[in-house]
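Quick note: numbers below take in every heavy atom, side chains included, and nothing from hydrogens, waters or symmetry partners. Residue numbering restarts at 1 for every chain, and letters A, B, ... go by the order of the sequence lines.
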There are 2 protein chains.
Amino acid sequence: MNIGEAAEASGLSAKMIRHYEAIDLLQPQRRGNNYRDFSAHDVAELSFIRHARDLAFPLEDVRRLLALWRDRGRASAEVRRIALDHVAALEEKAHSLQAMAGSLRHLARHCQGDGRPDCPILDQLEAGAEPGETLVAAATFPPLARTPLSGPSKESAG
Amino acid sequence: MNIGEAAEASGLSAKMIRHYEAIDLLQPQRRGNNYRDFSAHDVAELSFIRHARDLAFPLEDVRRLLALWRDRGRASAEVRRIALDHVAALEEKAHSLQAMAGSLRHLARHCQGDGRPDCPILDQLEAGAEPGETLVAAATFPPLARTPLSGPSKESAG
DNA sequence: GCTTGACCCTGCCACCGTGGGAAGCACCAC
DNA sequence: GTGGTGCTTCCCACGGTGGCAGGGTCAAGC
């Protein structure tokens with residue numbers, strides 16, 4: 001099966017499949033013309049990768065999960081641990097985002113949003129977080145390592 | 001004020017300050033020796049940028065907010081709109097992450113996590129989302145544009 | 001045979017935001 | 001003049017994906 005069919009079958013782009021091969025997530029055979037030749041097994045692995053990515057597992061986790069999946073005799077404990085670590089990371093990120101959204105929503109609620117120039121949102125951005133007031137976000141941020149949202153990564157948040 | 005002091009005062013790294021200058025977020029003066037010379041006003045802008053980044057505003061939003069902040073006569077409506085759009089994006093992302101976490105946690109709950117090889121997590125990754133079962137995540141994902149979490153961006157999810 | 005078009009190949013650049021490091025200049029203290 | 005520190009610019013890396021350029025390959029049609 002050529003890469004185009006494999007892409008369609010797995011729901012991944014051909015581009016990504018080549019990338020996953022380049023980083024050694026899978027090793028499809030090559031034919032005489034140097035075209036990749038995907039077996040049904042390769043396609044199953046690609047689907048696996050896609051489902052794992054759908055759950056936002058980083059590729060390094062995907063690599064480990066794939067290895068465990070391939071290992072018939074693996075212990076499910078290891079899989080479970082990876083999954084729960086990822087759950088924790090996802091939830092931490094989600095909470096952090098929600099804290100930011102909450103702070104910002106709070107500010108926006110006190111902003112007239114009319115033609116006048118006074119705006120608590122800008123005031124807050126100018127002044128920074130007041131102690132005991134809004135902006136819980138920064139506090140929950142630091143320990144977050146994976147799933148690098150475009151937000152700040154500042155460890156130095158003091 | 002040199003870049004090192006400005007960095008300390010604003011809580012940003014010197015590296016990032018140079019970057020923000022490179023993308024025209026601010027234009028500090030230069031001294032005869034080609035060193036950047038940050039005024040108190042520059043530092044206030046840097047702090048503004050940092051606070052906006054703490055709330056995960058993407059830099060393009062930061063640019064707009066800075067422009068509005070500089071404009072004494074701006075209408076707060078515009079600021080409010082940017083903020084609320086961002087809140088919506090944050091919440092969408094947060095919900096999507098929580099949906100993924102929920103699916104995964106659900107799977108992990110049914111995983112023995114012992115030495116035995118059977119594992120619903122791997123089964124699910126192999127089979128993909130069953131209709132009406134778990135994996136709400138993919139459904140909520142597509143429209144998300146900003147705050148590019150490391151998760152999949154797949155538009156082609158059919 | 002030859003052309004056309006769809007497919008495949010590799011390789012490079014872009015995004016976003018940040019960190020790391022190299023190589024060279026500026027400054028200050030001794 | 002020497003050492004250390006800070007500044008300058010420039011390039012590379014990450015993670016994950018898209019895009020495009022410049023080529024090779026194959027199957028179909030004439």
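One interatomic measurement links the two molecules: CZ of B:R36 to P of D:dG6, which rounds to 16 Å at whole-angstrom precision. With rounding to whole Å, A:I3 atom CD1 is found 12 Å from C:dT10 atom C1'. Rounding to whole angstrom units, CD of residue B:E60 and P of C:dC16 are separated by 7 Å. Residue A:I23 contributes atom CD1, which lies 15 Å from atom C1' of D:dA13 at whole-angstrom precision. Computed from coordinates, the B:N2 CG to D:dG6 P distance equals 10 Å when rounded to whole Å. Taking atom NE2 of residue B:H19 and atom P of nucleotide D:dC11, one finds them 16 Å apart after rounding to whole Å. Summarising the geometry, the separation between CE on B:M1 and P on C:dC27 is reported as 19 Å, rounded to the nearest angstrom. Between B:I49 atom CD1 and C:dT18 atom C1' the separation is 15 Å, expressed in whole Å.
Here the CD1 atom belonging to A:I3 is positioned 10.0 Å from the CG atom belonging to A:L12, to the nearest 0.5 angstrom. In this structure, CZ in A:R81 is found 7.5 Å from CZ in A:R64, a value given to the nearest 0.5 Å. If you take CZ on B:F48 and CG on B:L66, they are separated by 5.0 Å, rounding to the nearest 0.5 Å.
Mapping B:N34 and A:G32 onto DNA chain D via the closest heavy atom, the residue that lands nearer the 5' end is B:N34. Take the nearest nucleotide of DNA chain C for B:L59 and for B:N33: the residue whose nucleotide is more 5' is B:L59.
Side-chain atoms of B:Y20 and base atoms of C:dG17 include no donor and acceptor less than 3.5 Å apart. For C:dG17, its base never sits under 3.5 Å from the side chain of B:K15 at any donor and acceptor pair.
The phosphate of C:dG19 has OP1 or OP2 within less than 4.0 Å of a side-chain N or O from B:S13. Contact between the side-chain N/O atoms of B:R18 and the OP1/OP2 oxygens of D:dG6 is not found at any separation under 4.0 Å. Contact annotation: B:R30 reaches the phosphate of D:dT9 (side-chain N/O to OP1 or OP2, under 4.0 Å).
Between B:E21 and B:R30 a salt bridge is recorded (basic side-chain N to carboxylate O distance below 4.0 Å).
Side-chain proximity of B:R53 to C:dT18, C:dC9, D:dT8: nearest is C:dT18.
In this structure, the side chain of A:R63 engages the main chain of A:I23 through a donor-acceptor pair within 3.5 Å.
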